[in-house]
Amino acid sequence: QVQLVESGGGSVQAGGSLRLSCAASGLTFSTYVMGWFRQPPGKEREFVAAISRTGGTTYYTDSVKGRFTISRANTKNTVYLQMNSLKPEDTAVYYCVADSEVVIRTDASRYDYWGQGTQVTVSS
């Protein structure tokens with residue numbers, strides 16, 4: 001059974017930082033593209049970032065470029081999202097995702113597995 005378990009969410013003031021972690025089990029972690037989506041209150045789920053199987057390629061949505069960094073540790077079956085210079089508009093439930101395809105995709109429907117989500121709240 002595949003499980004993706006997020007941690008590290010919380011409440012911070014604008015300009016602050018948080019680091020999300022996602023521990024994966026039940027899958028061969030190094031063969032999956034890993035990523036993060038988020039769902040702001042009252043809005044649809046949106047792509048945030050993704051990282052290739054080896055970690056050599058990353059991709060970000062424009063609104064987080066230069067502020068967020070995705071990374072992975074294949075020896076620990078864990079993917080991370082370092083979030084700096086947080087803004088109130090970053091407030092959302094953040095989901096860890098896994099995709100068995102080789103290429104990085106931004107379409108939520110293409111991802112095979114999802115975590116339960118972790119809340120991030122940024123106050124102004």
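Here the structure is a predicted model, which is why all the values come from computation and not from measurement.
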Trainee: So, for Leu27 and Ala98, which heavy atoms are closest and what is the spacing to 0.1 Å?
Mentor: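 Closest pair (atom of Leu27, atom of Ala98, distance): CD1-CB, 4.2 Å.
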Trainee: Report the distance from atom OG1 of Thr61 to atom CZ of Phe68, rounding to the nearest 0.5 Å.
Mentor: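 Reported to 0.5 Å precision, the distance equals 10.0 Å.
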Trainee: Any side-chain heavy atom of Val79 within less than 4.5 Å of one from Cys96?
Mentor: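 Yes. Closest side-chain heavy atoms under 4.5 Å.
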Trainee: Please tell me whether Met83 and Trp36 are part of a single hydrophobic cluster in this structure, the criterion being side-chain heavy atoms less than 4.5 Å apart.
Mentor: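 Yes, same cluster.
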Trainee: Count I, L, V, M, F, W, Y as connected when their side-chain heavy atoms are under 4.5 Å apart, and connections chain through other members. Are Val64 and Val12 then in the same cluster?
Mentor: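 Shared cluster, yes.
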Trainee: Mind checking the CG-OG1 spacing from Asp90 to Thr121? Nearest 0.5 Å is all I need.
Mentor: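 Reported to 0.5 Å precision, the distance equals 11.0 Å.
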Trainee: Looking at Ser124 and Ala14, what are the two nearest heavy atoms and their distance?
Mentor: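 Here Ser124 and Ala14 meet closest at CA-CB, 4.3 Å.
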Trainee: Look up atom CD in Gln82 and atom OG in Ser71, then write down how far apart they are to the nearest 0.5 Å.
Mentor: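 The OG atom of Ser71 is 8.0 Å from CD of Gln82, to the nearest 0.5 Å.
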Trainee: Evaluate the side-chain contact (heavy atoms from CB on, under 4.5 Å) criterion for residues Leu81 and Tyr94: first the C-alpha distance (whole Å), next the side-chain angles of each, then the deciding distance (0.1 Å), finally the verdict.
Mentor: CA-CA 10 Å; Leu81 186 67; Tyr94 283 72; 4.2 Å; yes
Trainee: Please tell me if the side chains of Val120 and Leu20 come closer than 4.5 Å, counting only heavy atoms from C-beta onward.
Mentor: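 Yes. Closest side-chain heavy atoms under 4.5 Å.
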Trainee: Heavy atoms only: give me the nearest Ala50-Val33 pair and the separation to one decimal.
Mentor: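 Of all heavy-atom pairs spanning Ala50 and Val33, the closest is CB-CG1, 4.4 Å.
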Trainee: Might you work through the salt bridge (charged side-chain N to carboxylate O under 4.0 Å, His left out) test for Asp62 and Lys65, ending with a clear yes or no?
Mentor: CA-CA 5 Å; Asp62 286 346; Lys65 284 180 182 176; 2.9 Å; yes
Trainee: How far does CG of Leu86 sit from OG of Ser123, to the nearest 0.5 angstrom?
Mentor: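 One gets 10.5 Å once the value is rounded to the nearest 0.5 Å.
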Trainee: Ring-plane angle category for Phe37 and Tyr111, please: parallel below 30°, perpendicular beyond 60°, tilted otherwise.
Mentor: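 Phe37 and Tyr111: perpendicular rings.
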Trainee: Going by heavy atoms in the side chains, are Ser25 and Gln1 under 4.5 Å from each other?
Mentor: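 A side-chain contact is absent here, since even the closest heavy-atom pair is not under 4.5 Å.
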Trainee: Is the backbone N or O of Ser100 less than 3.5 Å from a side-chain atom of Asp112, with the two atoms forming a donor-acceptor pair by type?
Mentor: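 Side chain of Asp112 to backbone of Ser100: a pair is present.
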Trainee: Taking all heavy atoms of Asn84 and all of Ser17, pick out the closest pair and write down the distance.
Mentor: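 In terms of heavy atoms, the two residues are closest at OD1-OG, 2.9 Å.
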Trainee: Indicate whether the side chain of Glu6 and that of Gln116 have a donor and an acceptor atom separated by less than 3.5 Å.
Mentor: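 Yes, side-chain donor-acceptor contact under 3.5 Å.
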Trainee: Are Phe29 and Val97 grouped together when hydrophobic residues (ILVMFWY) are joined by side-chain heavy atoms under 4.5 angstrom apart?
Mentor: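 No: no chain of side-chain contacts under 4.5 Å links Phe29 to Val97.
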Trainee: Is Tyr80 reachable from Val93 through a run of I, L, V, M, F, W or Y residues, each pair having side-chain heavy atoms under 4.5 Å apart?
Mentor: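 Looking at the clustering, Tyr80 is in a separate group from Val93.
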Trainee: Answer with yes or no whether the hydrophobic clustering places Val2 together with Met34; edges join I, L, V, M, F, W, Y residues whose side-chain heavy atoms lie under 4.5 Å apart.
Mentor: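 Both belong to a single hydrophobic cluster.
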Trainee: Can you name the nearest heavy-atom pair linking Lys43 to Gln39, along with the distance?
Mentor: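 So the two residues come closest at O-NE2, 3.1 Å.
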Trainee: Is the NZ or CZ atom of Arg38 positioned over Phe47's six-membered ring, under 6.0 angstrom from the centre and within 45° of the axis?
Mentor: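 Ring-cation test returns no.
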Trainee: Look only at the side chain of Arg53 and the backbone of Thr31, and say whether a donor-acceptor pair between them is shorter than 3.5 Å.
Mentor: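 Yes, Arg53 side chain to Thr31 backbone: donor-acceptor pair under 3.5 Å.
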Trainee: Could you tell me which non-hydrogen atom of Ala108 sits nearest to which non-hydrogen atom of Trp114, and how far apart they are?
Mentor: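 Nearest heavy atoms, Ala108 then Trp114: O-CZ2, 3.5 Å.
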Trainee: In Å and rounded to the nearest 0.5 Å, what is the CD1 to OG1 distance from Ile104 to Thr58?
Mentor: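 Ile104 atom CD1 to Thr58 atom OG1 measures 7.0 Å (nearest 0.5 Å).
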Trainee: To the nearest 0.5 angstrom, please state how far the OH atom of Tyr59 sits from the CD1 atom of Ile51.
Mentor: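 Answer for the OH-CD1 pair, Tyr59 versus Ile51, is 15.0 Å.
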Trainee: Is there a donor-acceptor contact under 3.5 Å from the side chain of Arg72 to the main chain of Ser52?
Mentor: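 Yes.
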Trainee: Is Arg45 positioned over the aromatic face of Tyr95, cation under 6.0 angstrom from the ring centre and no more than 45 degrees off axis?
Mentor: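 Checked: cation-pi criterion met.
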Trainee: Hey, is Asp99 close enough to Arg105 for a salt bridge, meaning N to O under 4.0 Å?
Mentor: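 Looking at Arg105 together with Asp99, the answer is yes, because their closest N to O distance falls below 4.0 Å.
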Trainee: Run the side-chain contact (heavy atoms from CB on, under 4.5 Å) check on Arg67 and Tyr60 step by step: do they pass?
Mentor: CA-CA 10 Å; Arg67 300 188 298 121; Tyr60 300 90; over 6 Å; no
Trainee: Quick one: does any side-chain atom of Asn77 pair with a main-chain N or O of Thr28 as donor and acceptor, under 3.5 Å?
Mentor: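 Here the side-chain-to-backbone pair does not exist.
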Trainee: Answer yes or no: is there a donor N or O on one side and an acceptor on the other, between the side chain of Thr91 and the main chain of Val122, under 3.5 Å?
Mentor: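 Judged by distance alone, yes, a pair lies under 3.5 Å.
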